[in-house]
Amino acid sequence: MATFINEPSHTFNEYLLIPGYSSSECVPANVSLKTPLVKFKKGEEPAISMNIPLVSAIMQSVSGDRLAVALATEGGVAFIYGSQTIEDEAAMVKRAKSYKAGFVTSDSNVSPDATMADVVALKEQTGHSTVAVTDDGTANGKLVGIVTGRDYRVSRMDPATKVSEFMTPLEKLICAKEGTTLKEANDIIWDNKLNSLPIVNEEGRLCYFVFRKDYDTHKQNPNELLDASKRYVVGAGINTRDYAERVPALVEAGADVLCIDSSEGFSEWQKLTIDWIRERYGDSVKVGAGNVVDADGFRFLAESGADFIKVGIGGGSICITRETKGIGRGQATALIEVCKARDEYYEETGIYVPVCSDGGIVYDHHLTLALAMGADFIMLGRYFARFDESPTNKVNINGTYYKEYWGEGSNRARNWQRYDLGGDKKLSFEEGVDSYVPYAGTLKDNVALSLSKVKSTMCNCGALSIPELQKKAKLTLVSATSIIEGGAHDVIQKEKSTAIK
């Protein structure tokens, strides 16, 4: 006979946090949202931590390379969608990883015999005004000079003028030797009022540039999430079909963390995928798995070697899995059970496997509820789809701007791998819809607002970190009547507040 769970499963909207004692130290400026992205052993630090507990969904309409850069700038991680060719996904990862770095390999190089016309054409091609002049015109040739916009005037010079005639020669440049730290390089830039600093090796060959603007950018974005080479941290989605080809390409492209993209993760297909990665890469390649909604699913994926585990089936705004297949669980109930299983697994093994809450977020306060219930971080689709940086079109409908947003299980995405059960390579029926969400502007502004609310609520609970919130939080179920009471009522509103679309 089937197992029956008679207790209803609940959503975030059915819970409220009860305030706790707040000391004078509990102010938003003192709150840390740092959180682990991948598993770690007791007493050790995780290989990757995030500065904010937000990641973007593995979706065509959400996570491209532009959003990956924007989210890493704020301290989170985007998982570039895998429902595209291996080559295209790897190219997106490469673009995000190379967008900005402390030490930049020059992509604008000419030889001394090149002309001003060549420099102008190169600038138009790359968009970069600093051009390295090397003996052979390559990125690693012997540095002989630099050309910037201050060295030539298009309106007053012959386009055929040789670069050697107007470049700033090596003897007039300030350079640093290979091995110089980023801090030392930035000190040289500031002490000498430079815009860029070439880094050369013992043979005088160009290695990198360090740019003043990158230092300024970092100062403006103190939460930037960077790897050991000062490049943005970028995630990428994989599936359980072509991982033998996709994983090596993504690792080569520089992906910091992978995640199996599946609507239901309590499956041997996910174990086989993780096994393959572990056999070839050991623990050097980080890979998350999911989605699951109970303790059994968590335990299976944790024992399979997943670096983090996603929770949630059918709770996404464009997901109709529950409607079409009758599987799933209320997101709050699923999250609470899985996080309890995570803590028990940690006590037994000394290995902490982070939990990602995926789906069910409608309002900003749901983010705080998810964290209080035990989530280490939260995956969002609709939330990020609204922003300038998502890869979809902005459309005007009756004078209001929207962004397109569609599910990976929709006919538009045709992501059959995400719903693969080992059968034919096709999507037999839809598990997602095609829709619009109201356009909301830039990621930076919206994330800052949402997280300011999270920090404020944490202070109300007397917590200055996510682990402290999870320890101190008191949550109460609310009735349908009190949900109504909790909003504006019995008045005529001038302006209505809106949910996260």
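None of the values given here were measured: they were computed from a predicted structure.
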### Nearest non-hydrogen partners of Pro46 and Val38, listed with the distance
CB-O, 3.6 Å
### Task
May I ask you to say whether Lys94 pairs ionically with Asp65, meaning some side-chain N is under 4.0 Å from a carboxylate O?
no
### Task
Would you confirm whether Glu184, through its side chain, and Thr181, through its main-chain N or O, come within 3.5 Å as a donor-acceptor pair?
yes
### Modelled atom types, side-chain donor and acceptor of Asp376 and Tyr352, under 3.5 Å
yes
#### Entry: Minimal non-hydrogen separation, Ala236 against Val93, with atom names
CB-CG2, 4.1 Å
### Task
Measure the shortest side-chain to side-chain distance between Trp406 and Thr392 over non-hydrogen atoms and say whether it is less than 4.5 angstrom.
yes
### Task
Would you confirm whether Asn223, through its side chain, and Asn51, through its main-chain N or O, come within 3.5 Å as a donor-acceptor pair?
no
### Message
Under the criterion ring-ring contact (aromatic ring centres under 6.0 Å, His included), I'd like the reasoning laid out for Tyr439 against Tyr402: C-alpha separation, chi angles, the key distance, then a yes or no.
### Response
CA-CA 4 Å; Tyr439 167 67; Tyr402 297 85; 9.9 Å; no
### Query
Salt bridge between Glu389 and Lys444, side-chain N to carboxylate O under 4.0 Å?
no
#### Entry: Nearest-0.5 Å distance, CZ of residue Phe79 to CD1 of residue Ile238
10.5 Å
### Query
Would you say the ring centroid of Phe308 lies under 6.0 angstrom from that of Phe377?
yes
### Euclidean distance, Cys26 SG relative to Lys455 NZ, rounded to 0.5 Å
13.5 Å
### Query
Under 6.0 Å from the six-membered ring centre of Tyr383 and within 45° of its axis: does the NZ or CZ of Arg386 meet both?
yes
### Task
Nearest 0.5 Å please: distance from the OG atom of Ser61 over to the CZ atom of Arg382.
12.5 Å
### Query
Does the pair Arg231/Asp256 count as a salt bridge with the N-to-O cut at 4.0 Å?
no
### Query
Does a side-chain heavy-atom distance below 4.5 Å link Glu44 with Lys41?
yes
### Task
Please state whether the rings of Tyr363 and His366 are parallel, tilted or perpendicular, taking 30° and 60° as the class boundaries.
perpendicular
### Query
Parallel under 30°, tilted from 30 to 60°, perpendicular over 60°: which one fits the rings of Phe300 and Phe266?
tilted
### Query
Considering all heavy atoms of both residues, which atom of Ala289 and which atom of Cys259 are nearest to each other, and what is their separation?
N-SG, 4.5 Å
### Query
Taking Asn201 for the side chain and Arg205 for the main chain, is one N or O donor matched with an acceptor at less than 3.5 Å?
yes
### Query
In Å, rounded to the nearest 0.5 Å, how long is the span from CG of Leu71 to CG of Leu54?
7.0 Å
### Query
Do Asn239 and Asp261 have side-chain atoms, one donor and one acceptor, less than 3.5 Å apart?
no
#### Entry: Criterion side-chain hydrogen bond (donor to acceptor under 3.5 Å, both in side chains) on Tyr232 and Glu224, from CA distance to verdict
CA-CA 8 Å; Tyr232 287 122; Glu224 276 186 321; 3.1 Å; yes
### Query
Going through the distances and angles, do Thr138 and Asn109 end up as a side-chain hydrogen bond (donor to acceptor under 3.5 Å, both in side chains)?
CA-CA 6 Å; Thr138 68; Asn109 311 284; over 6 Å; no
### Message
Could you check whether any side-chain heavy atom of Val355 comes within less than 4.5 Å of a side-chain heavy atom of Leu335, counting everything from C-beta outward?
### Response
yes
### Message
Is there a side-chain contact between Leu371 and Leu367 in this structure, where contact means two heavy atoms from C-beta onward sitting under 4.5 Å apart?
### Response
no
### Message
Quick one: does any side-chain atom of Ser452 pair with a main-chain N or O of Leu449 as donor and acceptor, under 3.5 Å?
### Response
yes
### Task
For Gln60 and Ser83, run side-chain hydrogen bond (donor to acceptor under 3.5 Å, both in side chains): C-alpha distance rounded to whole Å, both residues' side-chain angles, the deciding distance at 0.1 Å, then the answer.
CA-CA 7 Å; Gln60 294 174 7; Ser83 52; 3.0 Å; yes
### Donor + acceptor pair across side chains of Thr73, Asn221 (<3.5 Å)
no
### Task
Given side-chain hydrogen bond (donor to acceptor under 3.5 Å, both in side chains), test Thr240 with Thr273 step by step and report yes or no.
CA-CA 6 Å; Thr240 58; Thr273 303; 5.0 Å; no
### Atom of Asp307, atom of Arg278 and distance for their closest heavy-atom approach
OD2-NH2, 2.7 Å
### Query
Do Leu67 and Phe384 have side-chain heavy atoms sitting under 4.5 Å apart?
yes
### Query
Regarding Gln270 and Ser304, is there a side-chain donor-to-acceptor distance under 3.5 Å anywhere?
no
#### Entry: Test item: side-chain donor near acceptor, Thr442 and Asp445, under 3.5 Å
yes
### Task
Please confirm whether Phe209 and Phe211 have ring centers closer than 6.0 angstrom.
yes
